[in-house]
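Just below is one structure, and these are the notes that go with it.
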Amino acid sequence: MALPIAVASGFVLALLVPLVRRLLGRWAYLAFAALPAALALLFVSLAPGVIDGEPVLWSSEWVPQLYLSLSFSLDGLSLLFSLLITGIGVAVILYAEHYLHGHAEIDRFHALALAFMASMLGLVLADDLLLVLVFWGLTGVTSYLLIGFEHSIGTSRLSAQQARILTVSGELAMIAGLVLLGYASGSFTISEVVEAGESVQADARYGLLTFLILLGALAKSAQFPFHFWLPHAMAAPTPVSAYLHSATMVKAGVFLLARMFPALAGTSLWFFLVTGAGVTTMVIAAYIALSRHDLKALLAYSTVSHLGIITACFG
C-alpha cells in the first residue's frame, strides 16, 4: 500500500493547504516540505530491495470493463525519478516560501506544487498504460496552472496557453498510441508490455503506434519541432521554472522513452525518429543559447539542448 498512499498523500495535502496555513501560520511551509521529504525517505528505504532486482508492486482493479487498474510499480527507473521528484520538491517548496514571501496567493502555489508532485509520482510509478494517461493529463493541468501562476500578467497567460496547447496536442496522439500498444502487446500492464517487445514490433500497427507515442513524448520534453514552448514558459516564477522545466515535468517525455525502450526500440523507425529529433534539438537549442543574455532564457535553451542529448542517446 505504500505506493498508492505516497501518490494520494500529495493530493490530500494540496487540498489541506489553507487549513494547515491557518493552524501553523508562517511555519506551514515546513509541513508542506515535510511530505516530499518523508516520501524521499520512504523511497530510500525501499531502494535496497529494488536495487537487488525485487521491484515493489501493488495492484487493484479499478474499471475492469475498460481494462483499467490501479497498478503501481517501483523499479530502478521509477526509483530514480521518484527521488528526483521528491528531493527537488523539498528544495523548491522551501525556496518558494521565501521567494514568494508576502505574495497574496502563496498558498495557491504550494497547493499546485504538491498536486504537481503527486501527479508526477503517479506518472512514474504507474504500471498501467491507461493509468499513465490519467497522470500524464494531471501533470499537464497542474503545470498549466503553475506556468500561469501570475495570471494578471499577459505573458504568463500566453506562455501557459502555448505550453498547454502543444503538450495536449502530443498527449492526444499519445493516447491513441498507448491504446494501440496495449492491444498489440495483449496487455495494458507496463511490466508485461515491455516483455512483449518482439510481438509488438511484429504487429502491423507498430509504425503507427510508435509514431503517436513519440509525438507525445517529444512534445512533453520540448524536443524539435516542439522545442520553443519551454523557453517561453520561463515567464513563470523562478520556483515554478525550477520544478517544472528544469527538474521534473520536461523529464516526463524522457521517462516515457526509457519506459517504452524495451518494447519499441531497436528498429530503423525508432532510430531515425528519436535520434533525429534529439540531435536536431541539441544543436538548435545550443546555438540559440549562445545568443541569450537573460539568465533564465540561457538556462531554458541549455535545458532543451541537454534533453536533446538524452533523447539522442535513447535513439
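Below, each value reflects all heavy atoms present in this structure, side chains not excepted, and no hydrogens, waters or symmetry copies. Please read all numbers here as calculations on a predicted model, not as lab measurements. Start at 1 with the first residue, then count along the sequence.
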Going from [atom1] on [X] to [atom2] on [Y], what distance comes out if it is rounded to the nearest 0.5 angstrom?
X    : Y    : atom1 : atom2 : answer
K251 : F81  : NZ    : CZ    : 8.0 Å
L214 : W270 : CG    : CH2   : 5.5 Å
I175 : L212 : CD1   : CG    : 11.0 Å
L269 : L264 : CG    : CG    : 9.5 Å
I88  : I93  : CD1   : CD1   : 12.0 Å
I106 : Y99  : CD1   : OH    : 12.0 Å

- Message: Test side-chain contact (heavy atoms from CB on, under 4.5 Å) on L133 and L129; report intermediate values, then the result.
- Response: CA-CA 7 Å; L133 293 175; L129 291 176; over 6 Å; no
A side-chain contact here means heavy atoms from C-beta on lying under 4.5 Å apart; do [X] and [Y] qualify?
X    : Y    : answer
Y183 : R205 : yes
S82  : L125 : yes
T267 : Q201 : yes
I213 : L178 : yes
L299 : L295 : yes
L24  : Y29  : no
I85  : Y243 : yes
D127 : E192 : no

- Task: Mind running side-chain contact (heavy atoms from CB on, under 4.5 Å) on V274 and F261 for me, showing each step along the way?
- Result: CA-CA 11 Å; V274 180; F261 187 89; over 6 Å; no
Restricting to non-hydrogen atoms, name the atom on [X] and the atom on [Y] that form the minimum distance, rounded to 0.1 Å.
X    : Y    : answer
S71  : L131 : O-CD2, 3.6 Å
K220 : G140 : NZ-N, 3.7 Å
A40  : L83  : O-CD2, 3.8 Å
T311 : L218 : CG2-CD2, 4.0 Å
F271 : G315 : CD1-O, 3.6 Å
G76  : V50  : N-CG1, 3.5 Å

Under the 3.5 angstrom rule, does the side chain of [X] hit a backbone N or O of [Y] as a donor-acceptor pair?
X    : Y    : answer
S221 : V254 : yes
Y206 : S199 : no
S305 : Y301 : no
S302 : L298 : no
S185 : V200 : no
S187 : T189 : yes
T280 : A277 : no

- Message: Please determine whether the number of non-hydrogen atoms from other residues, nucleotides or ligands lying under 6.0 Å from atom NE2 of H306 exceeds 12.
- Response: no
Indicate if [X] and [Y] have the same hydrophobic cluster label, given that clusters are the connected sets of ILVMFWY residues with side-chain heavy-atom separations under 4.5 angstrom.
X    : Y    : answer
L15  : L35  : no
Y144 : F116 : yes
V179 : I190 : yes
L41  : F32  : no
I165 : I147 : no

- Using the side-chain contact (heavy atoms from CB on, under 4.5 Å) rule, take V92 and F109 through it: C-alpha gap first, then chi angles, then the decisive distance, then the call. CA-CA 11 Å; V92 166; F109 170 84; 4.2 Å; yes
- Check step by step if side-chain contact (heavy atoms from CB on, under 4.5 Å) holds for H110 and V20. CA-CA 11 Å; H110 286 307; V20 175; over 6 Å; no
- With a 3.5 Å cut-off and no angle check, do the side chains of S119 and T139 form a donor-acceptor pair? no
- Message: Check K296 with D294, please: is the shortest side-chain N to carboxylate O separation under 4.0 Å?
- Response: no
- Test: D75 and R259 ion pair at under 4.0 Å: yes
